[in-house]
Amino acid sequence: MATTRLRNDAYNDYSSTDSSPTEEISAINNFPSRSGQYERIGEHSSSSTTWFQTLIHLLKGNIGTGLLGLPLAVKNAGIVLGPLSLVVMGIIAVHCMDLLVKCANHICQRNQRPFVDYGDAVMCGMEYAPSHWLRTNAIWGRRMVGFFLILTQLGFCCVYFVFLADNVKQVVEAANATTNDCSSNVTVILMESMDSRLYILSFLPFLILLVFIKNLRYLSVFSLLANVAMLGSVVMIYQYIGRDIPDPSHLSYAASWKTYPLFFGTAIFAFEGIGVILPLENKMKIPHQFPIVLYVGMAIVTVLYISMGTLGYLRFGSMIQASITLNLPNCWLYQSVKLLYCFGIFITFALQFYVAAEIIVPTATLRVSDRWALLVDLSVRAALVCITCVLAILIPRLDIVISLVGSVSSSALALIIPPLLEIVTYYSEGLSRWIIAKDVFISLVGFLGFVFGTYVTLWELIAPESHPGHINSTLYVVQ
């Protein structure tokens, strides 16, 4: 059975991917059920993506600063429990992404709608829920998704502030000891510079100017360079941590239960690419290929996460820091890795910010006359950047920021909502008890991660325990 699924230019459910905001989604598609044949009507091949292009976008949307924080996450879980938990979390995250696509397709067919974004899918699903209260308050489903999406994207921006500050601070402080000899395993900080909060503040005016660029096509060249820089940096990190691995017998197989919620927050932060799924699937030239692309892409991402987390922890042991870049030695090669990744993160800030701005800014500008629209637009953008800057200054620890964002918002979007969406979408058509039990279990896991992850992260923020990333020392030894 085939139904028509349209696209139009108003489709703005962009995700955390670097590329989706800059690409227009338009033209007309014939989008039948998953089991049917897919046919395009009236669409030029240049306006849709191939399976390979979709795979690249999927990888870009799931690989960022969270990757560099996974070695510390593995430490918080244990050298055996950590990788096993990443495998389980990867399987659940991919399953939730698949549920979102399946529910969105079903809603499009049932309601004869041209498309649905994440918020639309939740709202339309609630309209067919068995509960009268859910049906009458379906609009709050869309608002809830929008709230968590804004929270996630601005949380990413907070992480970027702290990441930039920490890495640039270390490069500056180690500048006098930086050499061309990369054989040394010691990072020496000879010159104590200003506090990391001042580094965060110093980036504020530059990032405000960056987000004033409303047409992201002007940043397309820089975005490409940023992606190349980050890819090169990741390759250099792998070649360093993959050699001279010390004896791992002293590492604990499973860490304390008190630190496991910190692992959960960081891991789900890394896996939170669910916002990119519907835009990518909607833009594919042959949509029925998307499940294969999803499974292959997320398998690559999961292998990358497990290898980076495990090798990083094996290489640096208890001295692993919030970002593995902070453990790299004092030679210009690896200092350049930090600076290249910082360049990539700086450009990515505008792309992540774009998602939240596209939701918030129009609401503000519609309340004023055209005469003041531009001023209000720029003022709201500047205010949002200032808010993320203030939050980063209040929580200047990279590991805590990542875990907090992951626990609070990423767990809701990636784990809690999709299984519940399957229940409300298909309940009236009949669902087996096993499927309902499975969905409730996944949502419960996400909810428990949300509660305990948030609690432990906030407790660590209030009463921090000593850890390598928070030691005020003039000598950082790289094992």
Side-chain angles (χ1 to χ4, degrees), residues 15-18 58-77 82-83 85-87 89-90 92-94 96-97 148-149 151-164 166-167 226-227 230-231 233-234 237-238 241 261-277 297-298 300-313 320-327 341-342 344-345 348-349 351-352 355 392 395 397-415 446 449-450 453 457 469:
S15 67
S16 60
T17 181
D18 296 351
L58 181 65
L59 294 176
K60 287 165 59 182
N62 282 275
I63 298 174
T65 53
L67 172 67
L68 304 181
L70 286 175
L72 181 60
V74 171
K75 175 192 173 185
N76 288 328
S85 299
L86 285 175
V87 172
M89 191 167 292
I92 295 176
V94 175
C96 289
M97 292 176 183
F148 280 116
L149 184 60
L151 200 63
T152 299
Q153 300 305 126
L154 294 183
F156 288 162
C157 293
C158 290
V159 170
Y160 292 169
F161 260 114
V162 181
F163 180 88
L164 290 169
D166 285 353
N167 282 271
N227 291 331
M230 293 170 69
L231 176 61
S233 298
V234 170
I237 293 172
Y238 266 107
I241 64 176
L262 296 175
F263 162 84
F264 176 88
T266 303
I268 199 61
F269 175 91
F271 274 111
E272 205 289 298
I274 196 168
V276 72
I277 299 304
M298 292 309 298
I300 295 173
V301 169
T302 303
V303 170
L304 192 64
Y305 285 174
I306 294 173
S307 59
M308 177 66 79
T310 305
L311 289 175
Y313 183 39
I320 188 66
Q321 299 196 53
S323 170
I324 195 172
T325 55
L326 299 176
N327 286 96
Y341 215 97
C342 285
I345 292 300
T348 306
F349 185 98
L351 305 174
Q352 300 286 17
V355 181
I395 314 175
R397 283 181 51 185
L398 184 59
D399 56 330
I400 295 299
V401 178
I402 290 177
S403 183
L404 186 62
V405 173
S407 299
V408 173
S409 56
S410 299
S411 59
L413 292 175
L415 297 181
F450 164 78
T457 302

Heavy-atom pair of closest approach, residues [X] and [Y]:
X      : Y      : value
Ala414 : Ile268 : CB-CD1, 4.1 Å
Cys96  : Ile274 : O-CD1, 4.1 Å
Gly312 : Ile324 : CA-CD1, 3.7 Å
Ile402 : Thr65  : CD1-O, 4.5 Å
Leu67  : Val234 : CD2-CG2, 4.1 Å
Val408 : Phe148 : O-CE2, 3.7 Å

Pairwise distance [atom1]([X]) to [atom2]([Y]) - rounded to 0.5 angstrom:
X      : Y      : atom1 : atom2 : result
Asn327 : Ile320 : CG    : CD1   : 4.0 Å
Ile237 : Met308 : CD1   : CE    : 5.0 Å
Leu86  : Ser307 : CG    : OG    : 10.0 Å
Ser323 : Ile345 : OG    : CD1   : 9.0 Å
Asp166 : Thr325 : CG    : OG1   : 8.5 Å
Ile400 : Ile395 : CD1   : CD1   : 8.5 Å

Heavy-atom side-chain proximity of [X] to [Y] below 4.5 angstrom:
X      : Y      : result
Phe263 : Leu72  : no
Val301 : Leu59  : yes
Tyr313 : Leu70  : no
Met89  : Thr302 : no
Ile306 : Val74  : no
Phe264 : Leu415 : yes

Can you tell me which residue pairs pass the side chain to side chain donor-acceptor pair (under 3.5 Å) test with a partner in residues 402-411, sequence neighbours excluded? Thr152-Ser409, Ser403-Thr457

Quick one: does any side-chain atom of Asp399 pair with a main-chain N or O of Gln321 as donor and acceptor, under 3.5 Å? no

Quick one: ring-ring contact (aromatic ring centres under 6.0 Å, His included) partners of Tyr305, sequence neighbours excluded? Phe271

For residues Phe163 and Tyr341, establish whether the separation of their ring centroids is below 6.0 Å. yes

Run Asn227 and Thr348 through side chain to side chain contact (heavy atoms under 4.5 Å, CB included) and show every step you take. CA-CA 9 Å; Asn227 291 331; Thr348 306; 5.5 Å; no

Can you say whether the rings of Phe349 and Tyr160 are parallel (under 30°), tilted (30 to 60°) or perpendicular (over 60°)? tilted

